[in-house]
Amino acid sequence: MAPLRAAGPLEQFEIIRLIRLPISGEPFDISITNSTVWMFIAVGMATLLLTLATRRLQLVPGGMQSLGEMTYEFVAKMLRDAVGDEGRALFPYIFTLFVFIFLANILGLLPTIPGTPEGLHVFTPTSHIIVTFALASLSVGIVVVIGFMKNGLGFLKLFAPSGIPLLLMPLIVPIEVVSFLSRPISLGVRLFANMLAGHIVLKVFAGFVVTLFGAGGALAVISIIPFFGIVIVFFLELLVAFLQAFVFAVLSCIYLSDALHPSHH
């Protein structure tokens, strides 16, 4: 009997090409990968849950309707507190952003069914910085577009905070510009790093369990310790999955508030 062997902690983040599209090629490869599949699953899951929540609206809501209404009000209050009534037009984007990130985080914590082909193993798209950076760049890009549409060149007041002496402007403006341009990086890295770190810790504990249990004897009994560690970290990761979706959405709201009220910066 071959000894039990745990996969390395970083193997779970490998991008596997499943379907190569005809238009794929250097320098861009837009093939269907395991990351693509799980992003589609997250979108499909969100569509299914929201459809079930709104299919039969009742005065006294059932379970799914209550879940949908609570999610709606949670995001609406977040946007209202950060942006004000002017932000209502941006609700669809923030709601979609929050739900997608939350589901992408949560789905990656599901256990893989034994025997599933490697390319279809459970995968967390938000554990890759290219995904989180793209989402962050989209948020900041919307901020720039809305800022210029609503304020014209007045949007540039965002880089010249009110109350700053003119003498300090040559120093403050470059700092504000660099700070603004770094927003996609900080927003993307925050989500990516938390997802990456949490999944690595889970995999390390899982490796300890497999290794100790495979050794047999007293070591097999000791394997219960890292197993309980997996349970604790798993529930912590559930909380982190929600918090990171919330932080990403609320920071996007704050950035959108800057676009609508640059002079208040």
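This one's a predicted model, so the numbers in the text were calculated from it and none came from an experiment.
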Using a cut-off of 6.0 Å, state whether more than 12 heavy atoms not belonging to L153 lie near its atom CG.
no
Taking atom CZ of F235 as the centre, does the number of heavy atoms from other residues, nucleotides or ligands within less than 6.0 Å exceed 12?
no
Heavy-atom pair of closest approach, residues [X] and [Y]:
X    : Y    : value
S186 : Y255 : OG-OH, 4.4 Å
L79  : C253 : CD1-SG, 3.6 Å
L107 : M45  : CD2-CE, 4.3 Å
A53  : M64  : CB-O, 3.3 Å
A259 : F155 : CA-CE1, 3.8 Å
R183 : V140 : CB-CG2, 4.0 Å

For residues 85-95, run the donor-acceptor check on the side chains, cut-off 3.5 Å, and write out each pair with its distance to 0.1 Å, sequence neighbours left out.
unit_1	atom_1	unit_2	atom_2	d
E86	OE1	H261	NE2	2.6
R88	NE	D85	O	3.3
Y93	OH	S139	N	3.4
Y93	OH	S139	OG	2.6

Is it the case that one hydrophobic cluster holds both [X] and [Y], taking links as side-chain heavy atoms less than 4.5 Å apart, direct or via other members?
X    : Y    : result
L238 : I232 : no
L256 : V145 : no
L18  : F40  : no
V143 : M149 : no
L239 : I230 : yes

Side chains of [X] and [Y]: closer than 4.5 Å at any heavy-atom pair?
X    : Y    : answer
V43  : M39  : no
I101 : Q244 : no
L251 : R190 : yes
F242 : F98  : yes

Rest of the hydrophobic cluster containing L171 (Ile/Leu/Val/Met/Phe/Trp/Tyr, side-chain heavy atoms under 4.5 Å)?
I175
Distance in Å, [X] [atom1] paired with [Y] [atom2], rounded so as to fall on 0.5 Å steps:
X    : Y    : atom1 : atom2 : answer
F234 : L109 : CZ    : CG    : 5.5 Å
L50  : R55  : CG    : CZ    : 13.5 Å
N151 : L260 : CG    : CG    : 7.5 Å
I142 : S137 : CD1   : OG    : 11.0 Å

Side chains of T36 and T33: any donor to acceptor distance under 3.5 Å?
yes
Return all side-chain donor-acceptor pairs below 3.5 angstrom for residues 122-136, not counting sequence neighbours, or 'none' if the list is empty.
unit_1	atom_1	unit_2	atom_2	d
T124	OG1	H199	NE2	2.9
T126	OG1	N105	OD1	2.5
S127	OG	T124	O	2.6
H128	NE2	F13	O	2.7
T132	OG1	I129	O	3.1
T132	OG1	G188	O	2.9

Pairs under 3.5 angstrom only: tabulate donor-acceptor contacts from the side chains of residues 67-76 to other protein residues two or more places apart or in another chain.
unit_1	atom_1	unit_2	atom_2	d
E69	OE2	Q65	NE2	2.9
T71	OG1	L67	O	2.8
E73	OE2	R80	NH2	3.0

Any donor-acceptor N/O pair, D258 side chain to G147 backbone, under 3.5 Å
no
Answer yes or no: is there a donor N or O on one side and an acceptor on the other, between the side chain of S252 and the main chain of F248, under 3.5 Å?
yes
Go through M195 and V240 one step at a time and tell me if the side chain to side chain contact (heavy atoms under 4.5 Å, CB included) criterion holds.
CA-CA 8 Å; M195 292 297 102; V240 171; 3.8 Å; yes
Is there a side chain to side chain contact (heavy atoms under 4.5 Å, CB included) between L156 and F148? Walk through the geometry before answering.
CA-CA 9 Å; L156 298 178; F148 279 112; 4.0 Å; yes
Applying side-chain hydrogen bond (donor to acceptor under 3.5 Å, both in side chains), which residue pairs with at least one partner in residues 94-103 are found, sequence neighbours left out?
none
Where do I16 and H121 land on the side chain to side chain contact (heavy atoms under 4.5 Å, CB included) test, with the steps shown first?
CA-CA 10 Å; I16 300 174; H121 283 188; over 6 Å; no
Name all pairs fulfilling the ring-ring contact (aromatic ring centres under 6.0 Å, His included) condition that reach into residues 170-198, sequence neighbours left out, sorted by first residue then second.
F159-F180
